[in-house]
Amino acid sequence: MAKRVAVFGGTFDPVHIGHLRSALEVAQALKLDAVRLVPNALPPHRAAPNVSAQQRLQMVELAIANEPLLTVDARELKRDKPSWTIDTLISVRQELAPHDQLFFVLGWDAFCGLSSWHRWDELLEHCHLLVLQRPDMQLQAPAAVHALIDNKVATDWQEITSPAGSVVFLQQTPLAVSATQIRALLSEGENIRYLVPDAVLEFIQTQGLYRPV
Ligand code: ATP
């Protein structure tokens, strides 16, 4: 039986309930076997000053520890520079069986900017695109993106039988939380309980992360 796996990339700086609910809802909506959270390497100027890639990874590990549908994949952190999405997808694909289905999860905004991505026109050779749409958004993709997805949109994910090559849209209402907001609260000494899992909160506190430098 073919497996159905999704890749959900992000900086997870830190991981929060918005990421986790979104990933879990994706897993359930498409009856996936797993959603892999893939923390991105950050160029030094974008990294939070006192938080290492290893610590971002550890927070994701703590966050998903009790949820079998979510896994963490550290491959981008093992390289010494930020990875192109296409390279990550090719390397994940190599570990799957030929008939397994691979979905790459991206938000509507990212999808609209897809034509600026490295080797973007090859992405669908390796995965399906799973585009999360916010119900409240004006949906108008640029012409270049339209050309890419022409004839590839699956109105029902259950029709998809191939390992890659389709585009699926999923309506999802994101929780109103962002890592930027969490870092700002922490830098002001505010309480972030309930915005992240308790284990992540405890890690942030014991390691003294996101404090003003
Ligand atoms: P930052 O505020 O630092 O930009 P972020 O909270 O947006 O971070 P990222 O790690 O950059 O988080 O996002 C990873 C992925 O999670 C992206 O696809 C993004 O669209 C999605 N995401 C971020 N916040 C939410 C949320 N509240 N609900 C659902 N998805 C989210």
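All figures in this text were calculated on a predicted structure; none of them were measured in a lab. Just so you know, ligand 1 is whichever comes first in the structure, and atom 1 is the first atom listed for that ligand. The residues of the chain are indexed from 1 along the displayed sequence.
Every atom of ligand 1 with a heavy atom of L175 under 4.0 Å away is listed here by number and element: 26 (C), 27 (N), 28 (N). Close approach to F8 involves these atoms of ligand 1, each under 4.0 Å from a residue heavy atom: 15 (C), 16 (O). In the vicinity of F12, heavy-atom distances shorter than 4.0 Å reach the ligand 1 atoms 10 (O).
With respect to the salt-bridge test (charged N to carboxylate O, under 4.0 angstrom), the residues R56 and E61 do not qualify. Using a 4.0 Å cut-off between charged nitrogen and carboxylate oxygen, R183 and E188 do not count as a salt-bridge pair. We find that R193 and D198 are joined by a salt bridge, their nearest charged nitrogen and carboxylate oxygen being less than 4.0 Å apart.
If you chain together hydrophobic residues whose side chains sit under 4.5 Å apart, F12 and L201 fall into the same group.
For atom 7 (O) of ligand 1, the nearest protein heavy atom lies 4.0 Å away or farther. Distance screen at 4.0 Å: atom 19 (C) of ligand 1 has no protein heavy-atom neighbour inside the cut-off. Inside a 4.0 Å radius of atom 28 (N) of ligand 1 there is at least one protein heavy atom.
When only interatomic distances are considered, the shortest N/O to N/O separation between G10 and ligand 1 does not fall below 3.5 Å. Residue contacts with ligand 1: D13 is placed with no nitrogen or oxygen under 3.5 Å of a nitrogen or oxygen of the ligand (distance criterion only). Residue V177 places at least one N or O, backbone or side chain, under 3.5 Å from an N or O of ligand 1.
Looking at atom 10 (O) of ligand 1, its nearest protein heavy atom turns out to be T11 N, 2.8 Å. With hydrogens left out, the protein atom closest to atom 1 (P) of ligand 1 is T180 OG1, 3.3 Å, a heavy atom.
Side chain to side chain, Q207 and Q55 meet the donor-acceptor criterion of an N or O pair below 3.5 Å.
Between V196 and V15 there is no side-chain heavy-atom pair separated by less than 4.5 Å.
Under a 4.0 angstrom heavy-atom cut-off, H16 registers as being in contact with ligand 1. For the ligand labelled ligand 1, residue A176 lies outside the 4.0 Å heavy-atom shell.
Tested against L30, the residues V35, V105, L130, I160 include a single side chain to side chain contact (heavy atoms under 4.5 Å, CB included) partner, L130.
With sequence neighbours excluded, the residues that form a salt bridge (Lys or Arg N to Asp or Glu O under 4.0 Å) with D87 are R119.
Evaluated by nearest non-hydrogen atom to atom 3 (O) of ligand 1, the leading choice among R183, Q172, H19 is R183. Nearest residue to atom 17 (C) of ligand 1 from G9, G107, A184, A110 is G9 (criterion: closest heavy atom).
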When the side chains of residues 150-157 are checked against the rest of the protein, which donor-acceptor pairs come out under 3.5 Å, sequence neighbours left out?
| residue | atom | partner | partner atom | Å |
| --- | --- | --- | --- | --- |
| K152 | NZ | L148 | O | 2.8 |
| D156 | OD1 | Q158 | N | 2.9 |
| W157 | NE1 | A29 | O | 3.2 |

For side chain to side chain contact (heavy atoms under 4.5 Å, CB included), just list the numbers for Y210 and I204, CA-CA rounded to whole Å, side-chain angles, deciding distance to a tenth of an Å, and then say yes or no.
CA-CA 8 Å; Y210 304 108; I204 288 172; 4.3 Å; yes

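With a 4.0 Å cut-off on non-hydrogen atoms, S22 touches ligand 1 through its side chain and not its backbone.
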